[in-house]
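Whatever order the structure lists them in is the order used to number ligands and atoms, beginning at 1.
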Amino acid sequence: MPTPPWPFPRVLAHRGGGTLAPENTIEAIEVGRAHGYRAVEFDATLAADGVAVLLHDDTLDRTTSGQGAVAARMSAELAALDAGAWHSPRFAGARVPRLDAVIRHCRTHGVWMNIELKPAPGAATLTGRVVAECTAHLFADAIVAGGDRAERINPAVPLFSSFERAAVDGARAAAPDIPRGYLLDTVPSNWQEELQALGCVALHTNHLHLTRALAQAIKEAGYWLFCYTVNDPARAEELLGWGVDAFCTDRIDLLFLV
Ligand code: G3P
Ligand code: MG
C-alpha cells in the first residue's frame, strides 16, 4: 500500500516559539500562536519525582534561574524557577511547565504537538513510558487502535520522537497506538532496520546532513521525513522539493505555514 500523505502540519515552531521566546514554555507556544503557528515541537524530560516537564538540557543552568541536574529536582522545585528571564526581561516569570499542562494548553488551542522524549542519562525507558502515559491519558478520546500506523493515524494525536532508542521503545510499550519517529542527527546505513524495529512512521533528521538521494530513499521506503532545524526560507523550499514532509524552525518570523 502506498504511504498516505503526511497528515500533520508541515511547519512546526521549534521548542515552542523558536528563538523569539524562552524555549519550552507556554509563553513560547503563545508567541508561536501569535505568529499563526498551530504546530509545535518541544522537549519532555522527568523531574526527580517522575513528573514530566518541558526542558531541553540535562542541567538547569542555561534556561532557568536554577543550577545543576534537572533529574535531581522535584517538580515543585522546578515549578518555582524562572524559565524566561534568561531570554529577555519581558519573559521574566515564565515557568518550567509540566507536560500535562502543556498538552492541555495545546489541545485547548488546537496546536498539534511533536513531543520529543529527552531523557536524562539512564532514564530513557522511564521517560518514554511516563511521557507516553501522560499523553495517552490526555488523548484517550482521540487515540484509535493501531493509530501508530500511517494509514490509521488520527492527525490530532501527537507524534513522539527521540534520539534514544530506549525512549521510543518505552513510549511504544506504554502507548502503542501513539505514532513514533526516530531522531537521527546523521542517518546511519541501517536506518531502515532501526525504523522497522522501533515501529516508527517517520525519520527525523538534521537537514544539514541530508542529501536529495537519501531523502528520496527514505520516502521510497515508505517513511515520512521530518527535518530540524530549518531557518532559511530558500532551504525550506529546497527540502520540501526533495520530498521532506515537515520541519521545525527557530525563525517563526521568517517561515510560514504551507
Ligand atoms: O526534534 C528536533 C530537534 O528538536 C532536535 O534537536 O536539540 O533542539 O532537541 P534539539
Ligand atoms: Mg527538540
Item to check | Any residue meeting side-chain contact (heavy atoms from CB on, under 4.5 Å) with Arg251, in chain and number order, not counting sequence neighbours | outcome: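 If we apply the side-chain contact (heavy atoms from CB on, under 4.5 Å) test to Arg251, skipping adjacent residues, the hits are Thr19, Asn231, Thr249, Asp253, Leu254.
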
Item to check | Asp245 (side chain) donor-acceptor with Phe226 (main chain) under 3.5 angstrom | outcome: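 No; zero donor-acceptor contacts below 3.5 Å.
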
Next on the checklist: Under a 3.5 Å distance rule, please check whether Thr205 uses its side chain to pair with a backbone N or O of Leu184 as donor and acceptor.
Outcome noted: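 Checked: pair present.
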
Checklist entry - Does a side-chain N-to-carboxylate-O contact under 4.0 Å join Glu23 and Arg62? => result yes

Checklist entry - Should we count CD of Glu238 as having more than 12 external heavy atoms under 6.0 Å? => result yes

Next on the checklist: Over 60° means perpendicular and under 30° means parallel, so tell me whether Trp191 and Tyr223 are parallel, tilted or perpendicular.
Outcome noted: perpendicular

Checklist entry - Do the rings of His109 and His105 sit parallel, tilted or perpendicular, given the 30° and 60° boundaries? => result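 Judged by the thresholds at 30° and 60°, the geometry between His109 and His105 is tilted.
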
Next on the checklist: Could you identify the N, O or S atom of Glu41 positioned closest to the Mg ion (ligand 2)?
Outcome noted: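 Looking at Glu41, the N, O or S atom with the least distance to the Mg ion (ligand 2) is OE2.
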
Next on the checklist: Please report, to 10°, the angle around the Mg ion (ligand 2) from atom OD1 (Asp43) across to atom OE1 (Glu116).
Outcome noted: 90°

Next on the checklist: Given a heavy-atom cut-off of 4.0 Å, could you list the residues near ligand 1 in chain and number order?
Outcome noted: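 Within the 4.0 Å shell of ligand 1, which is judged on heavy atoms, sit His14, Arg15, Glu41, Asp43, His56, Glu116, Lys118, Phe163, Leu183, Tyr228.
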
